[in-house]
Amino acid sequence: MTIIKIAPHENGGHDNQTSSVDVPLPEGYAVLPESVGTPETLANYPFGEITVEDRDGMPTVTAWTPLPIPEPGPTPEPEPTLEEVVNTMLGL
């Protein structure tokens, strides 16, 4: 069973969880039935727009529209070492 958080992150990705056992559905999540797709078969998973409908009292994903996979952000500059800080302070 795969569940997916209905509200996406800013980048379009959805929190999700796959389990081999049925678990209670947390608030704000929907079931992702295999008839719609699986994490392995859905394009750009978990980045997508989902359509959710109530099926037998359970929020259920009924459609998946893939979104582009975001580019990785810039790599932050490494922090200077203590030696580099001291050398800068001493003008070396």
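Predicted model, so just to flag it, every value in this text is computed and none were measured. Side-chain atoms are counted along with the backbone in the values below, which use heavy atoms only and exclude waters and symmetry mates.
Looking only at distances, a side-chain donor or acceptor of T88 sits under 3.5 Å from a matching main-chain atom of E84.
When every heavy atom of E49 is checked against every heavy atom of L67, the shortest pair comes out as OE2-CD2, 3.8 Å. Closest non-hydrogen pair, P66 versus A43, comes out as CB-O, 3.3 Å. Residue T62 comes nearest to R55 through the heavy atom pair CG2-NH2, 3.3 Å, listed as atom of the first residue, atom of the second, then distance. Of all the heavy atoms in T2 and P39, the pair that sits closest is OG1-CD, 3.9 Å. Minimum heavy-atom separation, H14 to P8: CE1-CB, 3.6 Å.
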Go through the steps to decide whether T38 and E40 satisfy the test side chain to side chain donor-acceptor pair (under 3.5 Å), and finish with yes or no. CA-CA 5 Å; T38 66; E40 296 79 28; 3.3 Å; yes

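For the pair N16/Y45, a side-chain contact is recorded, criterion being any heavy-atom separation below 4.5 Å from C-beta on. V86 places none of its side-chain heavy atoms less than 4.5 Å from the side chain of E83. Using a 4.5 Å cut-off on side-chain heavy atoms (C-beta onward), F47 and P70 make contact.
To the nearest 0.5 angstrom, M89 atom CE is 11.0 Å from N87 atom CG. Rounded to the nearest 0.5 Å, atoms CD (Q17) and CE (M1) are 10.0 Å apart. Atom OG1 of T60 sits about 8.0 Å away from atom CG of L25, to the nearest 0.5 Å.
Hydrophobic clustering (ILVMFWY, side-chain heavy atoms < 4.5 Å, transitive): M58 and Y29 are in one cluster. Cluster annotation: I4 and V23 are assigned to distinct hydrophobic clusters (Ile/Leu/Val/Met/Phe/Trp/Tyr, side-chain heavy-atom contacts under 4.5 Å, transitive). Taking hydrophobic clusters as Ile, Leu, Val, Met, Phe, Trp and Tyr residues chained together by side-chain heavy-atom distances below 4.5 Å, V52 shares a cluster with V36.
Of the options I6, I3, L32, L42, a side-chain contact (heavy atoms from CB on, under 4.5 Å) to V61 is made by L32 and by none of the others.
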